[in-house]
Visitor: 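One structure coming up, written as C-alpha cells, with questions to follow.
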2 protein chains.
Amino acid sequence: MAPVQDPSALLAELAGVLDPAGLQIGDAIETRFRKDWYAPLDPQPPVAVARPRSTAEVSAVLAICNRHRQPVVPQGGLTGLAGAATPAGGELVLSLERMRGVEEIDARAGTMTVLAGTTLQATQDAARAADWLFPVDLGARGSCQIGGNIATNAGGNRVIRYGMMREQVLGLEAVLADGTVVSSLNKMQKNNAGYDLRQLFIGSEGTLGVITRAVLRLAPLPSSTQTALCALRSYEDVVALLRHAQRRLSGRVSAFEAMWADFYELVTTRVPGVRNPLPAGSPFYVLVDLQGNDAVQDGAAFESMLETAMEAGLITDAAVATSEKEAESFWKLRDAVAEFPVMWAPNAAYDVSVPIGQIGRFAESLRTAVLARWPHAELVNFGHVGDSNLHVSVYLPGATAEDFPEHEISEVLYPKVQEFDGSISAEHGIGTHKKPFLGHSRTPEALELMRSLKRSLDPNLILSPGRVIDVARELPR
Amino acid sequence: MAPVQDPSALLAELAGVLDPAGLQIGDAIETRFRKDWYAPLDPQPPVAVARPRSTAEVSAVLAICNRHRQPVVPQGGLTGLAGAATPAGGELVLSLERMRGVEEIDARAGTMTVLAGTTLQATQDAARAADWLFPVDLGARGSCQIGGNIATNAGGNRVIRYGMMREQVLGLEAVLADGTVVSSLNKMQKNNAGYDLRQLFIGSEGTLGVITRAVLRLAPLPSSTQTALCALRSYEDVVALLRHAQRRLSGRVSAFEAMWADFYELVTTRVPGVRNPLPAGSPFYVLVDLQGNDAVQDGAAFESMLETAMEAGLITDAAVATSEKEAESFWKLRDAVAEFPVMWAPNAAYDVSVPIGQIGRFAESLRTAVLARWPHAELVNFGHVGDSNLHVSVYLPGATAEDFPEHEISEVLYPKVQEFDGSISAEHGIGTHKKPFLGHSRTPEALELMRSLKRSLDPNLILSPGRVIDVARELPR
C-alpha cells in the first residue's frame with residue numbers, strides 16, 4: 001500500500017488528538033523508533049511517531065489513520081528478532097511506551113492488570129513484590145514490553161512448566177484497525193462465554209490489532225531452586241532424561257536446556273567468564289532446574305532423580321549447584337548465546353521447533369546438508385528441548401557480513417524443518433524476516449484462512465502491512 | 001435461515017459421497033441424533049443425518065451443504081449442557097461418531113493424534129496404556145467425544161493444574177463451512193509460525209468449522225494421589241487455603257473443590273451412599289487433591305501442608321483419605337451433583353465464573369437476591385474455586401417442570417454475574433441456552449467482532465446457525 005501522498009491533513013488530525021510530546025514529525029523523529037533488534041533502518045523515514053497515553057488516544061489515532069489509509073506499525077520495546085516493528089518508509093509508528101504501569105494486582109485471584117508499554121522486568125518485579133511469580137522470562141526483559149510479548153507470544157526458558165505468553169493472558173484489551181476498542185479484562189481461568197477473542201491478537205505480531213492492556217495470570221512464587229548440569233551419551237538419552245525428570249519431579253521441572261557437544265565446547269572455550277562444570281567431550285549436556293517451595297524435600301527429590309538416572313545409565317556425569325551463585329554460573333553456559341552475534345559474526349541464528357523425539361535426527365540431518373554445501377561451516381545446536389524448541393547457529397569462517405549467504409542457508413534449513421514436520425518459528429515469530437518461508441510450516445489453506453482473517457479485521461490493510469503474510473485486497477476500492 | 005424447500009437434490013448429492021450407512025433420511029433417522037443432554041427434541045425432524053468416515057467425506061458433505069445453503073449442526077457425544085447440538089427442524093446433522101480412534105501416540109514427544117469421534121474415555125485409556133496421562137476429565141467421559149470437548153473447550157476438575165481443553169490441543173484439523181480442510185497437526189509446544197488458527201475452532205461450539213482430528217498434549221502419569229477433606233470457617237479461609245496449598249505443594253495441586261455448608265448438608269443427608277467424613281455444620285468444606293510420583297514424599301508434604309494450615313487457623317478440621325477407596329468416597333460428595341436433576345427437580349443449574357477473591361461475596365449476594373424474589377427457594381453452591389468456576393443450583397420446593405421460572409431466575413443471576421465482572425459460562429458454553437444473556441459477559445464491540453468472524457469464516461451462515469450468537473448477513477444475496 002502506498003502511503004498517503006501529502007500527509008499534512010493526517011498530521012493535523014493526529015495533532016488534534018495527541019499532546020505535543022505524543023507526536024514526533026520530520027526531524028524530530030528519534031532514530032530509536034526507526035529499527036528493531038532485527039531489521040535494518042529504512043532509508044526513508046516514517047511519516048510520524050505517535051506516542052499515545054491512553055487507550056482512547058490509541059483508538060483516535062487508529063481511526064484517523066484508517067480513514068486516511070495510513071499504514072501503522074505498533075511498537076513495543078523493539079527487541080523482536082523477526083523485523084516486525086521496524087517501520088518502512090512512510091509508515092506511522094505507534095509506540096506504546098507511554099502506556100506503562102501495573103494498574104492492579106489482585107493477590108487473591110492471582111492476577112495483575114498491566115498496560116501494554118510496561119516492561120517485562122517491571123511486570124516481574126511488581127509480581128514478586130506482591131509475593132507472586134510472573135513466570136515468562138527472556139533475555140530482553142529490561143527492554144521488551146508486555147504488549148510486544150503478547151503480540152509475539154513470547155516464550156523463553158520456562159515454557160516447559162508455565163507455557164508461553166499465550167497461557168498467561170487471562171484478559172485483553174485491544175484496538176482494531178478502525179479504532180474500535182475490544183475489551184475483555186477477564187480475571188478467570190475458566191470462561192467459555194463466546195469466542196475467545198484474545199487469541200486473535202496473541203502472536204499476530206501487530207497485524208490484527210493493537211494491544212493496550214492485559215490481565216495476566218500469576219503463579220505461586222517458588223522459594224527453592226535446584227540446578228544440575230548433566231552429561232549424556234545420546235539424544236535418545238536426553239529425551240529419556242526429560243521424561244524421567246518430569247515423572248519423578250511431578251510438576252516441578254522448570255527448565256530443561258539441551259546443549260550439543262559443539263555448543264558446549266564453543267562456549268566453554270571461547271566465551272570469557274564461562275566455566276565448565278563438567279569436562280568437555282560428552283555428546284550432550286543438559287541443564288535442568290527444579291523450582292519448588294521446600295528446599296529440603298526438593299533437594300532430596302532432585303538428588304534421587306539424578307541418582308536413579310545415573311543408575312539407569314541415562315546420564316554419565318552430573319554436577320549439582322550447591323549455591324545460587326553456582327547455579328548462575330551453570331546458566332552462563334546457556335546465556336553465553338548472547339555473545340554469539342559479536343564473537344562469532346557473521347552467523348545465521350535460527351529458532352525452529354521439531355517434535356521432541358525427532359530433534360536429534362533433525363540436527364544431524366541438517367548438519368550433513370549444510371556441510372555438503374559449505375564444508376567449512378560451523379554449526380552449534382542448543383535448545384529448550386522440553387518444549388520442542390531448537391536453536392541452531394551457523395557460522396562461516398572467513399565470510400563477511402556482506403557476502404554471508406543467510407538466505408541460501410535458510411533455503412537449506414527450512415525445507416529440512418518441513419521434512420521433519422516442524423515449525424520455522426518456535427518463539428521469535430515471522431515478521432518480515434521469515435515471511436518468505438512461511439509456506440514451509442503452513443498449508444495453502446491455512447495461509448488463505450490467515451489472509452481472510454486479516455481482511456476481516458483490517459479491511460484497509462493498514463496494520464503492519466507486509467508483516468507475517470502478504471495480503472492483497474480482494475477488490476479494489 | 002430457511003432450509004432448502006425441496007431437499008431431494010441435496011440428498012441425492014449427499015448419497016453420492018457417503019456410503020449407505022453414512023446417510024439417514026426420513027423415518028430412518030434415529031431419535032438419538034435429535035437431542036443433546038440439554039435442549040429438547042424439535043418436533044420437526046432434521047433433513048438428514050450424515051455420518052462421514054473421513055475428513056474427505058466431511059469436506060464433501062460441507063461443500064454440498066454450503067452450495068445448497070443447507071444449515072448443518074455438527075454432533076459429538078451429545079452430552080453438552082447448552083443445547084448447541086440439538087438440531088432444529090430441517091437442519092442437517094453431521095455426526096462425527098464414525099471417525100473414531102487413536103491414530104498415533106508419540107511417546108517421546110508426549111503427544112497423541114486422535115480422530116474427533118473418539119470418546120474422552122477411550123482417549124484417556126489409550127494414553128494410560130502408553131504410560132501417559134490425558135488430564136482433561138469430566139463426568140460424561142464415556143459418551144463425550146474429543147471433537148466436542150475441543151469445540152466446547154471442556155473443563156472439569158483438574159483445570160487448576162492442567163488447564164482447559166484449549167491447553168491440551170497442540171494440533172488441529174478442521175473443515176470450514178465451504179469444505180476447505182485446514183490442517184495443522186502440529187506436535188510442538190512452541191510454534192509461532194503465523195496466526196494460531198486452532199484457537200478459532202476451540203470453544204466455538206461448531207459455529208466456525210467442524211473439527212475432524214487433533215494432536216493432544218500428554219502429561220506425565222502420576223502414580224500417587226493424596227486426598228483430604230477440610231472444614232473451614234469462611235470463604236476468606238478457602239482462598240487462603242488454596243494459596244497455601246499451591247505454594248507448599250508447588251505444581252502438584254490437582255483439584256481444589258469448594259462446597260458451601262448448604263451443599264454439604266444436602267448431599268450428605270439426601271443422596272444415598274454419600275458418607276460425611278467430617279461433621280456437618282462448618283460454613284465451608286474443601287476437597288483437595290495432590291498428584292505426584294513419590295507416595296512417601298508426597299504424603300509427607302501433604303500432611304505438612306495440612307498441619308501448617310491447621311496451625312495457622314485456616315482449617316478447623318480435616319480428614320485425609322488413607323486408601324484409594326476412601327478417596328473415592330470423599331469424591332462422592334462432589335460427584336453427588338449428578339443426582340440433582342432427579343432428586344431435586346426441577347432446579348436451575350448454573351455454571352459461572354467470578355474472580356476467585358469475589359466468589360464468596362457473589363454467592364451471598366446472589367442468595368439474597370434470589371430469596372428476595374422467591375423466599376422459599378433453596379440454593380446450593382459448589383465449585384472448582386481454584387480456577388474461578390462456581391456452580392449454583394436453585395431449587396423451588398413445590399414448583400413443577402411446567403411452572404419453574406428458570407428464565408426469571410437467570411434474569412436475576414446473570415446481571416449479578418456482570419456486577420462481579422464474571423462470566424455467564426465458565427465451562428458449559430453458550431449454545432442456544434445462554435445466548436440471550438451473552439451481553440452480560442461481553443461488550444457490544446466484542447459481540448460485533450464475533451459476528452464479523454462468523455461472517456468471514458462462514459459467509460452463508462450454514463454452520464450451527466442460531467448457536468452462541470445471532471448473526472445476520474450483512475447484505476441480502
Side-chain angles (χ1 to χ4, degrees), chain A residues 106 108-109 153 155 159 164 167 180-184 187-197 199 203-204 220 222 239 246-248 250-252 291-294 297 301 353 355-357 387-389 423-430 438 441-443 445-446 449-450 452-453 456 468-469, chain B residues 106 108-109 153 155 159 164 167 180-184 187-197 199 203-204 220 222 239 246-248 250-252 291-294 297 301 353 355-357 387-389 423-430 438 441-443 445-446 449-450 452-453 456 468-469:
Chain A
D106 182 334
R108 302 202 304 167
N153 188 27
V159 170
M164 309 275 286
E167 281 76 43
T180 301
V181 179
V182 181
S183 183
S184 170
K187 286 183 174 179
M188 290 83 69
Q189 191 180 355
K190 273 189 184 166
N191 184 347
N192 274 345
Y195 304 163
D196 187 345
L197 301 174
Q199 311 294 345
S204 65
V239 176
Q246 286 187 310
R247 176 72 70 99
R248 291 290 293 240
S250 187
R252 288 169 290 174
Q291 289 190 315
N293 273 293
D294 183 329
Q297 248 213 8
S353 61
I356 291 172
D387 56 36
S388 66
N389 186 178
S423 168
I424 66 161
S425 177
E427 57 183 9
H428 295 172
I430 299 300
L438 190 54
S441 281
R442 306 300 294 265
T443 65
E445 294 79 11
L449 180 52
M450 286 173 59
S452 71
L453 277 179
S456 175
V468 185
I469 187 167
Chain B
D106 184 334
R108 302 201 306 164
N153 188 27
V159 171
M164 309 275 287
E167 281 76 42
T180 301
V181 178
V182 181
S183 184
S184 170
K187 287 182 174 179
M188 291 83 70
Q189 191 181 356
K190 273 188 183 166
N191 185 348
N192 275 345
Y195 304 163
D196 187 347
L197 300 175
Q199 310 296 344
S204 66
V239 176
Q246 287 188 310
R247 176 72 70 100
R248 291 290 292 239
S250 188
R252 287 170 289 174
Q291 290 189 317
N293 274 294
D294 184 329
Q297 247 213 11
S353 61
I356 292 173
D387 56 36
S388 65
N389 186 179
S423 168
I424 66 160
S425 176
E427 57 184 9
H428 295 173
I430 299 299
L438 190 54
S441 281
R442 306 300 294 263
T443 65
E445 293 80 11
L449 180 52
M450 287 173 59
S452 71
L453 277 179
S456 175
V468 185
I469 188 168

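All values below were derived from every heavy atom in this structure, side-chain atoms included, with hydrogens, water molecules and symmetry-related copies excluded. Being a predicted model, the structure only gives us computed values, none of them experimental.
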Visitor: Under the rule for salt bridge (charged side-chain N to carboxylate O under 4.0 Å, His left out), what residues qualify as partners of Arg248(B), not counting sequence neighbours?
Guide: none
Visitor: If I compare all heavy atoms of Ser425(A) with all of Ser423(A), which pair ends up nearest, and what's the gap?
Guide: O-OG, 2.9 Å
Visitor: Let me know if Glu167(B) has heavy atoms under 4.5 Å from chain A in its side chain, its backbone, both or neither.
Guide: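 Only the side chain of Glu167(B) comes within 4.5 Å of chain A.
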Visitor: Where on Thr180(A) is there a heavy atom nearer than 4.5 Å to chain B: the side chain, the backbone, both, or neither?
Guide: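 Side chain only.
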Visitor: Does some side-chain heavy atom of Met164(A) sit less than 4.5 Å from a side-chain heavy atom of Gln189(B)?
Guide: no
Visitor: With chain B as the partner, which of Gln291(A), Lys187(A), Gln199(A) has the greatest number of non-hydrogen pairs under 4.5 Å?
Guide: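 Among Gln291(A), Lys187(A), Gln199(A), the one with the most close pairs to chain B is Gln199(A).
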Visitor: By a 4.5 Å heavy-atom criterion (distance strictly below it), what part of Arg247(B) contacts chain A: side chain, backbone, both, or neither?
Guide: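 Both parts, backbone and side chain.
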Visitor: Return the option, out of Gly357(B), Ala193(B), Ala109(B), with the maximum number of heavy-atom pairs under 4.5 Å with chain A.
Guide: Ala193(B)
Visitor: What part of Asn191(B) is in contact with chain A, defined as an atom under 4.5 angstrom from a non-hydrogen atom: side chain, backbone, both or neither?
Guide: both
Visitor: Name the member of Gly155(A), Ser204(A), Ser183(A), Pro355(A) that forms the most heavy-atom pairs with chain B at distances under 4.5 Å.
Guide: Pro355(A)
Visitor: Do Val181(B) and Thr443(A) touch side chain to side chain, with heavy atoms closer than 4.5 Å?
Guide: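 The answer is no; the side chains never approach within 4.5 Å.
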Visitor: Counting only non-hydrogen atoms closer than 4.5 Å, does Val159(A) touch chain B with its backbone (N, CA, C, O), its side chain (CB onward), both, or neither?
Guide: both
Visitor: Counting only heavy atoms closer than 4.5 Å, note whether Pro222(B) contacts chain A via side chain, backbone, both or neither.
Guide: neither
Visitor: Just give me the residue among Ile469(A), Ile424(A), Val239(A), Leu453(A) that pairs up with chain B most often, heavy atom to heavy atom, under 4.5 Å.
Guide: Leu453(A)
Visitor: Between Met188(A) and chain B, with a heavy-atom cut-off of 4.5 Å, which part of the residue counts as in contact: side chain, backbone, both or neither?
Guide: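 Both the backbone and the side chain of Met188(A) come within 4.5 Å of chain B.
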Visitor: I'd like to verify something: which residue of Asn389(B), Ile356(B), Leu438(B), Leu449(B) has the highest number of heavy-atom pairs under 4.5 Å with chain A?
Guide: Leu449(B)
Visitor: Which bit of Ile430(B) comes within less than 4.5 Å of chain A, counting heavy atoms only: side chain, backbone, both or neither?
Guide: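 Ile430(B) touches chain A through backbone and side-chain heavy atoms alike.
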Visitor: Among Asp387(B), Val182(B), Asp106(B), which residue has the highest count of heavy-atom pairs closer than 4.5 Å to chain A?
Guide: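 Most pairs with chain A among the choices: Asp387(B).
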Visitor: Any side-chain heavy atom of Arg442(A) within less than 4.5 Å of one from Leu197(B)?
Guide: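 In contact.
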Visitor: Which heavy-atom pair separates Val468(B) from Gly194(A) by the least distance, and what is that distance?
Guide: CG1-CA, 4.0 Å
Visitor: Relative to chain B, which segment of Asn153(A) carries a heavy atom at a distance below 4.5 Å: side chain, backbone, both, or neither?
Guide: both
Visitor: Considering only heavy atoms from C-beta outward, does the side chain of Asn192(B) approach that of His428(A) to under 4.5 Å?
Guide: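 With C-beta onward as the side chain, the pair stays apart.
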Visitor: Quick one: what part of Ser441(B) sits under 4.5 Å from any heavy atom of chain A, side chain, backbone, both or neither?
Guide: side chain
Visitor: Would you say Gln297(A)'s side chain and Gln297(B)'s backbone share a donor-acceptor pair under 3.5 angstrom?
Guide: yes
Visitor: Taking Asn293(A)'s backbone N and O only, do any of them form a donor-acceptor pair with Ser250(B)'s side chain (distance below 3.5 Å, no angle check)?
Guide: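 Not confirmed, Ser250(B) side chain does not pair with Asn293(A) backbone.
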Visitor: How close do Ala426(A) and Ser353(A) get, counting heavy atoms only, and between which atoms?
Guide: CB-CB, 3.8 Å
